[in-house]
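Some notes on the structure that comes next.
Positions are given from 1, in the same order as the sequence printed here.
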Amino acid sequence: MKRIPRSHPLHNFCVIGASAIFVAAQACLAFDPNEWRNTQTLDIPAAGLVHVNLPATTLDAAQPGLEDLRIVDSKGDQVPYLIERLLPDAESMIQPAEFRSTIENGATHLNLKIGTRAPIVGVSLETPATRFMKAVDVEGSQDGTTWTKLAGGDSLFQLPNGATKLRVSLPEGAWEFLRVTIDDLGSQPMPFTGAQLHKARTTAPAEAVPITIKTRDESPGTTRLALDLGASNLTLGSLRIESNEPVFTRSVTLAVPEVGDDGIRERNIADAVIYRVNVNGKNEAHLEIPLESEIHTRELFVVIRNEDSPPLSIDTVRADRRLVRLTFFANRPGRYSLLSGNTQCAAPRYDLSALSGKLRNATATDVVPSALVSNPNYRPPEALAALTLTGAQLDVAKWKFRKLLPLTQSSVQQVELDPELLARSQRGQHDIRIVRGEYQLPFLFERTSLSRPISLNAAAANDPKKPAFSRWSLKLPQPWLPITRLVCASSSPLFHRQMRLWEEVADERGDKFASELGRATWDQTPNSPNRDLVIELNARPQSDTLFLETDNGDNPAIELRDFRSYYPVTRVVFKATPDPAQPVWLYYGNLDATTPRYDLTLVAGELLKTERGTVTAATQENLSSKASFVGQTLTGSTRYIFWGALALVVIVLLAIMSRFLPKTQK
């Protein structure tokens, strides 16, 4: 769309009409600016339309939908505005009017009739082939006779590891015909069944986002990066992962934390394949992940699947964000204020939609806001001021364990639940409570994609009755650990084995039986890189001893080492301040407890935006060392002896009682 010049009559009409509507709207707006936490100064040099590109700090301080932004003039009156998100047009593709394919002279020739005068910037080919590497040239023509070379020596490929390139980029231009020539001299021809033409689209301004890699966590086959974007509510155009490794291919998933019914979980927002490969002596790289998504939190997760390859070295992660612009009419020059940071207000309703298109294209003055500062007269809205972060009273008599949470700062806190706690709490952690004094502190669960290792003590446990089998006994720190994966390595160079993981558990009568937890096929050859065994568990172990076994058949036994298990990371997020007189405790171990429900979910968005302090729970305290029922602590032969002795006592008592009963006379 073209910008309307100042001399155009329509421009004057827009400005006059906008001025009238803006002034009319101002007269009926009333609000209390002291309910806004932050303020910025706008110095307006002259009356007229004004554009303000919002800095990242303003977006971070505002609500996710920018509902709380307000502009106030020097008299304290509210000024209506429009919000414009400067985004590129969505890329569109069209099919050519004609598509013909021929093979001759060691090449595949694809002839396309465009069928449109729209500018074209690329062509993507369609093929059922799954593995190939080809060189390609593209030419354009207006009459089908005279051809102009548009792309030469480019590459097309599809590799088994997921790296794919079927698009050839072209200089923007309108053509009647395209001719694609694919070199088949070094390999067999591949069938190409169709093509898609990429139409040119408008671009949009963007600026770089300073990204910090907060944490990097490695687990079998996966690298997880937690990125700090520096601000929330950013619209990211793309993300680029920089690596100095010469050749690699990785599948990547981008995710963001999101509040749900059961706490904070990670929601996937993009999947892509990044690669750097050498195709026909030419380096090809694809490291950028397109997004065009609004990210309402400061944190972004990058999950890189390495499969059997070593973790990818990563130098930096870069991103750019799309700009967000405010447009308003200043009816006088002077100092205006831009307010943000009111979590309770609704979006303003300005009657400006009819003029929105004209205002966006009219000439306006660009104004840069000052740095974000706190409003010295800030007064929380009544709804927010009345909100308490203290829950109901709690009788902790039924809780068996607790751990001290040593707080060092006043902020939003997070504590990671350790394996000891997870083993002694309910499966869904419904019995977790955070308590200060007699009252609960509301919290949210954060279910992450992270996993932590637990080393296992392993020993040979072969059964003499099964000489062809190899068996290992694996000792866990304690029963009921919520492990989900078993991993080990082998130094044996060549083998093919079916691996089975199981444990011994007791039924209701105390009899023991083997309960399978998982199995996997494991192959190793001398010419391939070593692969760890990975068994995904289908159930939570009940005991502290697992058994891994395999049938060697007529082959020598394999050597295993480096046994470890993994459990998923769960965090608890809450808000509290240090108070030596009233410490904060984390309670667990109540099998009758139900899931708590707190009003904290109403401000969960604020918790996601705020930087958290990390708390490490102290040593476990056992509040109830007595067994609830002695029969539950007995297993195997001990259980039979107990119940047998009890039955004998009952029989003896009945015999004694029968001697005191009156005799029946004949």
Nearest-0.5 Å distance, CZ of residue Arg298 to OG1 of residue Thr212: 9.0 Å
Result of checking Val121, Asp154, Val138 against Leu170 for side chain to side chain contact (heavy atoms under 4.5 Å, CB included): Val138
Check ion pair Arg531-Asp308 (N to O, under 4.0 angstrom): yes
Side-chain H-bond candidate by donor/acceptor type, Ser155 with Lys165, under 3.5 Å: no
Intermediate values then yes/no, side chain to side chain donor-acceptor pair (under 3.5 Å), Ser313 and Asp315: CA-CA 7 Å; Ser313 68; Asp315 304 324; 5.1 Å; no
Atom NZ of Lys214: over 12 foreign heavy atoms under 6.0 Å: yes
Audit row: Leu66, Leu59, side chain to side chain contact (heavy atoms under 4.5 Å, CB included) steps and yes/no: CA-CA 7 Å; Leu66 309 183; Leu59 300 175; 3.8 Å; yes
Polar contact flag, side-chain donor to acceptor under 3.5 angstrom, Ser141-Asp143: yes
Counterpart residues, ring pair (Phe, Tyr, Trp, His ring centres under 6.0 Å), relative to Phe177 (two or more places apart): none
Distance (rounded to the nearest 0.5 Å) between Phe301 CZ and Leu227 CG: 9.0 Å
From CA spacing to verdict: side chain to side chain contact (heavy atoms under 4.5 Å, CB included), His496, Thr521: CA-CA 7 Å; His496 169 81; Thr521 301; 3.5 Å; yes
Option passing side-chain hydrogen bond (donor to acceptor under 3.5 Å, both in side chains) with Thr223 (candidates Glu218, Arg250, Arg305): Glu218
Stepwise side chain to side chain contact (heavy atoms under 4.5 Å, CB included) test for Ile211 and Arg318: CA-CA 6 Å; Ile211 288 183; Arg318 306 182 189 279; 6.0 Å; no
Stepwise side chain to side chain contact (heavy atoms under 4.5 Å, CB included) test for Glu446 and Arg612: CA-CA 13 Å; Glu446 183 179 21; Arg612 307 175 196 166; 2.7 Å; yes
Electrostatic pair Glu207-Arg321, nearest N-O below 4.0 angstrom: yes
Residue pair Glu294 / Thr235, side-chain donor-acceptor N/O under 3.5 Å: no
Set of ring pair (Phe, Tyr, Trp, His ring centres under 6.0 Å) partners for Trp175, sequence neighbours left out: none
Aromatic plane relationship, Tyr336 with Phe328 - under 30° parallel, 30 to 60° tilted, over 60° perpendicular: tilted
Interatomic spacing from CG in Leu239 to OG in Ser293 - rounded to 0.5 Å: 11.0 Å
Exercise: do Thr202 and Asp89 side chains pair donor with acceptor under 3.5 Å: yes
CZ (Arg335) with more than 12 external heavy atoms under 6.0 Å: no
Ion pair check, Glu242 and Arg240, cut-off under 4.0 Å: yes
Arg117 bridged to Glu176 by N-O distance under 4.0 Å: yes
Asp271 and Thr253: side chain donor to acceptor below 3.5 Å: yes
Ser451 side chain to Arg485 side chain, donor-acceptor N/O pair below 3.5 angstrom: no
Let me check something: any side-chain donor-acceptor pairs from residues 100-112 under 3.5 Å, sequence neighbours excluded? List them with distances.
unit_1 : atom_1 : unit_2 : atom_2 : d
Thr108 : OG1    : Asp184 : OD2    : 2.6

